[in-house]
Each structure stands twice: as structure tokens, then as C-alpha cells.
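Excluded from the calculations below are hydrogen atoms, water molecules and symmetry mates; all remaining heavy atoms, backbone and side chain alike, are included. One is the number of the first residue; the rest follow in order along the sequence. Order of appearance sets the numbers: ligands from 1, and atoms from 1 within every ligand. What you are looking at is a predicted structure, and each value in this text was computed from that prediction instead of being measured.
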Amino acid sequence: MGYLPFVLLWGLPQIWENSEGSSDLHSLPASPRFFPLRCLQISSFANSSWTRTDGLGWVGELQAYTWRNDSDTIVFLKPWSQGTLSDQLANQLQHIFKGYRSSFTRDIREFVKMLGSDYPFEIQISAGCEVLSGNSSESFLHSAFQGTDIMSFQGTSWVSAPDAPPWMQRVCRVLNEDQGTKETVQWLLYDICPQFVRGVLETGKSELEKQVKPEAWLSSGPTPGPGRLLLVCHVSGFYPKPVWVMWMRGEQEQPGTQQGDILPHADGTWYLRVTLDVAAGEASGLSCRVKHSSLGDQDIILYWDHSHVLVIVLSVLAFILVLGGSFAFWFRRRRVYQNIQ
Ligand SMILES: *[C@@H]1O[C@H](CO)[C@@H](O)[C@H](O)[C@H]1NC(C)=O
Ligand SMILES: *[C@@H]1O[C@H](CO)[C@@H](O)[C@H](O)[C@H]1NC(C)=O
């Protein structure tokens, strides 16, 4: 069995969740920022002859690596992606990963025969590490089958996940017999990964630690019902990802505030939409408040007041006027045209 150690990398999701920290937004400015390296492998096996494996890698929130099935090498997407790795070690790693990818496909096909299981299926492997303060680091490697956690690498061996199907025990036993692969995985996870991440944090520091201020604006959404208004607060173009946005009345947070998903822009910044469903008469005096590390303690506060409603009414009126005007113009032209004929 070749390079199945990668399956161990599945620890990533926990670190991922921790680093997003969006559930504890009040602690925004104080929370220390870590930049875990998270690599994701996605392997689809459609049938006994068709398969593809693609890889992606992030440092913090920024994607720095990609590895498509049709490429022989991992592609560095950022000028700082190689970190402080020597070309020699970088080449050695490319070589190891290339070997891993082809033996992974072969090994999985062997497992399918051994277990008498069936196609199609999908395997995901998540692996990486995070350098914490001081000299400590945490590494992880997890593997999922059909979207469910089945195995991880813990310390020195492969361990079946608590809810994994019974055949996983057999797979782990076979994998754990392969001492060479286990040693390679340990080397990659516990030596190379933290060392690599330290280098990347040096070379990529200015981009990783940049602060980009959000823009914010208000609009009204589709009406939630008779006599009600959906107030929408848009916050766009910020980096890093943690942000706190709340509908307020004075200093009081409005518990009905609904936060959407934080969505990516193509330039690596983020967008968030936060709504509040209110009775039309109660909208006045509400405000949308935005806290973000780039703003220091200068929160953005936008008021939903009568003038805002007026702007909407006026723009609807203007729209109707323009529409009516163009219709009248078209109608006149048509008459002129018909008269000429
Ligand atoms: C295998 O799956 C691929 C992709 O779905 C399909 O195009 C191909 O015809 C399949 N081959 C066989 C032998 O079933
Ligand atoms: C993925 O790459 C492998 C190895 O290079 C190749 O055999 C396979 O056909 C590729 N799969 C697809 C769907 O292109």
C-alpha cells in the first residue's frame, strides 16, 4: 500500500471551524489570528475505469494551491506559496505527492475488490496543520467516504472513526501494517507541515495579514407580508473574514436579525447580507452596525430612517416616470411612422 497516510489529514474541519470564529463575534478584535494550512483532496470513482483526483490548499482564508487531475504538479497560486522551502525539498515533495496520487487510486481499487464493494463513490481527505503560539503546532489528517468521516491519522497510526462502517476496521488493519507509509505520513504531518507553514507565514505575511475595510449599504428586500418590511444591510469587500453585523435600535441588538452566509468575492474579500423583518411602522430609528478589525473601533452605523424610505419611494416614482415617458415617446414615434406610411 503506497501513500494512504493522507487519509489521516481529516482533522482539518475542527481547526477550520475554530479559525472562522464567526459565532463569537464580540471577541473580534481580541481573537488571535492563526493561519492553518488546510489541504483537501477530492477523489471520485465513477466505475472500475473512470476516476479523478483533485486537490486544493488554503493558508488561512486564502487559496494558495491547486492540483487538478490533469496536472502532474501542484500549482502555486500565490507568489509566496512556496514559503521558505528550498527548490530541492519542494521538488522532493512534488515527487512524493505524485507517487501518492497514483498509488492512492490503485490502492482504493484494491480495497474495492477486497471488500467486494461497489462504484460509484467519493473519497475526501482533509489534512494540514496549524502553528500555534510558541513552538507548538497541531496537525490533522481525516478521511471521509461518501461525505461521512471514516478514518483519521492519530499520532502513529490509522484510526477508524466512531461511526465508520465495520469494514473500516479491516482497512485500518491493512494500512497499519505498512510501516513505511506511516513514517512518511508522520514526517509530512508533524515535521514538514509546521516547518512549511512557518515559512509561508513569513513570505505571505503582508497579504495574509492585510486589512480591507468593508463598504456597507441598506436596501429593502421582498416584502415578508402585508404591512411588513424586510430591511437588508449589505456588507461587502472586507478581509479578513470575521465580522459582526447587527440590526440595532439605539444600543439594543435586535434579536430577529438574520445573518446570511459569508460569501466570497473573486478578489479574496467577503460579502455578507444581514436582514431584519419588521412592521413597517417600526423601521424608523433602526440602524445596522458593523464591526470589523479593519475599522478599529470606528464601527459603521447606517440608519434606516424616513429619508431612506423616501429614497425608495422616489426611485420607484422616477422609474414609473421614465417608463411612462419612454412609452409616450415610443407611441408618438409609432404614430408619426404610421402617418408617413
Ligand atoms: C464510467 O463512468 C464514466 C463517467 O461517468 C462514463 O463516461 C463511462 O462510460 C463509464 N464507463 C463504464 C465502463 O461504465
Ligand atoms: C485523471 O488522471 C489519471 C492519471 O493521470 C488519468 O488516468 C485519468 O484518466 C484522469 N481522469 C480524468 C477524468 O481525466
Review point. Can you name the one residue among Leu229, Asp305, Leu276 that meets side-chain contact (heavy atoms from CB on, under 4.5 Å) with Leu286?
Key: Leu276
**Study point:** Cation-pi geometry met for Lys213 and Phe238 (6.0 Å, 45°)
**Key:** no
Check your understanding: If we only count N/O pairs under 3.5 Å, is Arg101 in contact with ligand 2?
Key -> no
Practice item. Would you indicate whether Glu122, at its atom CD, is surrounded by more than 12 heavy atoms from other residues, nucleotides or ligands within a distance under 6.0 Å? Key: yes
Review point. Val75 versus Arg68: any side-chain heavy-atom pair under 4.5 Å?
Key: no
Review point. Does the gap between the ring centers of Trp167 and Phe145 come in under 6.0 Å?
Key: yes
Which pairs of donor and acceptor atoms, one on a side chain in residues 112-120, lie under 3.5 Å apart (sequence neighbours left out)?
from	atom 1	to	atom 2	distance (Å)
Tyr119	OH	Arg109	NH1	3.0

Practice item. Kindly tell me which protein residues have any non-hydrogen atom under 4.0 angstrom away from an atom of ligand 1, grouped by chain and ordered by number? Key: Ala46, Asn47, Trp50
